[in-house]
Amino acid sequence: MRASEKQLRAWMISGLDGRSAEHAQLLRALAPILRSYYGARLGGGDGDIEDLVQETLIAVHSKRATYDRNRSFTAWLFAIARYKMIDHFRRTRRLVPLAGLERELAGHGFADASDARLDAEDL
């Protein structure tokens, strides 16, 4: 059973308050969530998925002081995961499927790219 946003956030805040057992519990709970996240986006490459999970867990641990206690934990987590995945694509020179990128951006309030245009007069 996966931990809820409320539980993950509570573990994160407890970890920030110096409770190492809760911080360790958070990291253990995040591993399967991240495996699922990357697995759905990378489609195979178990080695790549595990590398990304570990990189993300390290980032969560090392950048934990940047977490705002008043905001959603999973939004913060998936922002880190998304940037780690982009870094991975850059390193491996893999192209991101356009449909997947559009879904990813749409979920974060970005306008549909078909609505965007650049007028020469604006230059």
Side-chain angles (χ1 to χ4, degrees):
M1 185 168 148
R2 291 207 172 156
S4 66
E5 161 69 24
K6 183 177 178 181
Q7 182 62 66
L8 294 171
R9 188 172 173 277
W11 284 331
M12 180 64 171
I13 291 171
S14 291
L16 290 172
D17 291 339
R19 293 184 207 69
S20 60
E22 282 85 353
H23 184 66
Q25 182 63 36
L26 170 69
L27 296 176
R28 280 191 297 275
L30 293 180
I33 294 169
L34 292 168
R35 277 188 200 99
S36 176
Y37 176 84
Y38 289 126
R41 286 156 181 79
L42 293 178
D46 290 338
D48 289 341
I49 291 170
E50 282 305 311
D51 288 347
L52 284 166
V53 168
Q54 293 305 312
E55 287 178 30
T56 306
L57 292 174
I58 290 167
V60 166
H61 175 73
S62 64
K63 301 296 183 183
R64 65 188 179 273
T66 67
Y67 173 65
D68 181 348
R69 296 168 184 243
N70 298 315
R71 304 195 107 183
S72 166
F73 173 75
T74 53
W76 181 78
L77 170 69
F78 289 125
I80 292 171
R82 188 172 43 259
Y83 287 117
K84 290 296 177 184
M85 187 170 53
I86 290 168
D87 289 345
H88 169 76
F89 289 146
R90 286 181 182 145
R91 273 193 315 270
T92 61
R93 298 190 181 266
R94 230 174 107 181
L95 299 177
V96 179
L98 186 56
L101 181 59
E102 287 173 353
R103 278 193 305 274
E104 190 78 23
L105 294 176
H108 298 284
F110 289 95
D112 185 350
S114 64
D115 294 338
R117 64 181 254 222
L118 176 64
D119 290 328
E121 300 168 358
D122 293 336
L123 296 177

Before you tell me yes or no, could you show the steps for Tyr38 and His88 under side-chain contact (heavy atoms from CB on, under 4.5 Å), namely the whole-Å CA-CA distance, both residues' side-chain angles and the distance that decides it to 0.1 Å? CA-CA 11 Å; Tyr38 289 126; His88 169 76; over 6 Å; no
Can you check side-chain contact (heavy atoms from CB on, under 4.5 Å) on Leu52 and Leu42, steps first, answer last? CA-CA 10 Å; Leu52 284 166; Leu42 293 178; 3.4 Å; yes
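The main-chain N or O of Pro32 is never found under 3.5 Å from a side-chain atom of Ser36 such that the two would form a donor-acceptor pair.
Using cut-offs of 30° and 60° on the angle between ring planes, the pair Tyr67 and Phe73 is perpendicular.
In terms of the side chain to side chain contact (heavy atoms under 4.5 Å, CB included) criterion, residue partners of Ala59 (sequence neighbours excluded) are, by chain and number, Ile80, Lys84. For Ser4, the side chain to side chain contact (heavy atoms under 4.5 Å, CB included) partners two or more places apart in sequence, or in a different chain, are Lys6, Gln7. By the side-chain hydrogen bond (donor to acceptor under 3.5 Å, both in side chains) test, Thr74 is found to be paired with Glu5, Ser72, residues two or more places apart in sequence or in another chain being considered. Remark: Asp51 engages no residue in a salt bridge (Lys or Arg N to Asp or Glu O under 4.0 Å) (not counting sequence neighbours). Looking at residues two or more places apart in sequence or on another chain, you find a side chain to side chain contact (heavy atoms under 4.5 Å, CB included) between Asp68 and Asn70, Arg71.
To the nearest 0.5 angstrom, Ile13 atom CD1 is 11.0 Å from Leu8 atom CG. Considering CG of Leu77 and CE of Met12, their distance stands at 9.0 Å, rounded to 0.5 Å. The CD atom of Glu55 lies 9.5 Å from the CG atom of Asp48; values are rounded to the nearest 0.5 Å.
The shortest side-chain heavy-atom distance between Tyr37 and Thr56 does not fall under the 4.5 Å cut-off. Looking at heavy atoms from C-beta onward, Trp11 lies out of side-chain contact with Leu27 at the 4.5 angstrom threshold. Contact of the Phe78 side chain with the Ile33 side chain is registered, since non-hydrogen atoms from C-beta on lie closer than 4.5 Å.
Hydrophobic clustering (side-chain heavy atoms under 4.5 Å, transitive across Ile, Leu, Val, Met, Phe, Trp, Tyr) keeps Ile86 apart from Ile58.
In this structure, Lys63 and Trp76 approach most closely via the heavy-atom pair O-CZ2, 3.4 Å.
Sequence neighbours left out, the pairs with a member in residues 13-35 that pass salt bridge (Lys or Arg N to Asp or Glu O under 4.0 Å) are Asp17-Arg19, Asp17-Arg69, Arg35-Glu50.
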